[in-house]
Student: 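Pasting in a structure now, in structure tokens, and then I'll have a few things to ask.
Per chain, numbering begins at 1; letters A, B, ... match sequence-line order. For the numbers below, each heavy atom of this structure counts, side chains included, while hydrogens, waters and symmetry mates do not.
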Amino acid sequence: LPQTPVRGTNLIKSLKCFGMNPEDSILKRVESLGHIFKKKFAEAVGQGCAEIGSQRYQLGVRLYYRVMESMLKSEEERLSVHNFSKLLNDNIFHTSLLACALEIVMATYGRTASQSDGTSAETDLSFPWILNVFDLKAFDFYKVIESFIKVEPSLTRDMIKHLERCEHRIMESLAWQSDSPLFDLIKQSKEREGQTDQPEPTST
Amino acid sequence: PQDYHFGLEEGEGISELFDCD
């Protein structure tokens, strides 16, 4: 949870100002995604490392809260809007933001982890492992990366490069998987185009 | 960060990307 009680109350206070009560939804989601993350981490690395998974998750959650607060403040300035209840009630937004924070933690603490019981199986926990853990579409993860980098000054150059590589990988392949929300976006924009100009003659 | 290629245009941000504008 937030680094210090004071900081936590600031976040909760600003979330309330932005139009939502964080206790019920954000905290519940952090808790339930935490169970999933720790389970998947332990499955991947071994039960002996469950505590490590838990610590990594807590670091990710702290970063998630900090970036969320900075992001909302930046949006408030940019849009001169105070109510973000629609965004704050968007489950995919929160899951993507938390996944991005966790990806940074996982990349920071190393890419592979050998099994805790000493077997040689190496498990690659680097991107896109976190997408599979939360069953998150790559394109939804992609949508938070640039804003995350914009509002989080503490990211190292290496980490920014890592996130950029994630972006490229998503745009080059992961976003084009059959169930990607990118296709819906393309369809919608085509339909919007279709409404603005005449339909093409069937011959073309 | 200088060497990150920001691609969002003016008037585009996280609210627009999640259709919450």
Student: Considering only residues two or more places apart or on different chains, which pairs with a residue in residues 166-186 of chain A satisfy side-chain hydrogen bond (donor to acceptor under 3.5 Å, both in side chains)?
Tutor: A:Glu167-B:Tyr4
Student: Apply side-chain contact (heavy atoms from CB on, under 4.5 Å) to residues B:Leu17 and A:Phe93 and explain how you reach the verdict.
Tutor: CA-CA 10 Å; B:Leu17 290 174; A:Phe93 164 69; over 6 Å; no
Student: Please report the interatomic distance CG(A:Leu79) to CD(B:Glu16), rounded to the nearest 0.5 Å.
Tutor: 5.5 Å
Student: Using heavy-atom distances under 4.5 Å, tell me whether A:Ile92 contacts chain B through its side chain, its backbone, both, or neither.
Tutor: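 Its backbone and side chain both get close to chain B.
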Student: List the steps, then state whether side-chain contact (heavy atoms from CB on, under 4.5 Å) holds for A:Arg78 with B:Ile14.
Tutor: CA-CA 11 Å; A:Arg78 186 174 70 87; B:Ile14 201 75; 5.7 Å; no
Student: Between the side chain of A:Glu75 and the main-chain N/O of B:Ser15, is any donor-acceptor distance below 3.5 Å?
Tutor: yes
Student: Can you tell me which portion of B:Glu12 sits under 4.5 Å from chain A's heavy atoms? Options are side chain, backbone, both or neither.
Tutor: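 Contact with chain A involves the backbone of B:Glu12 alone.
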Student: Check A:Asp140 against B:Phe18 and note the closest heavy-atom contact, atom names and distance.
Tutor: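 Looking at all heavy atoms of both residues, the shortest contact is O-CZ, 3.9 Å.
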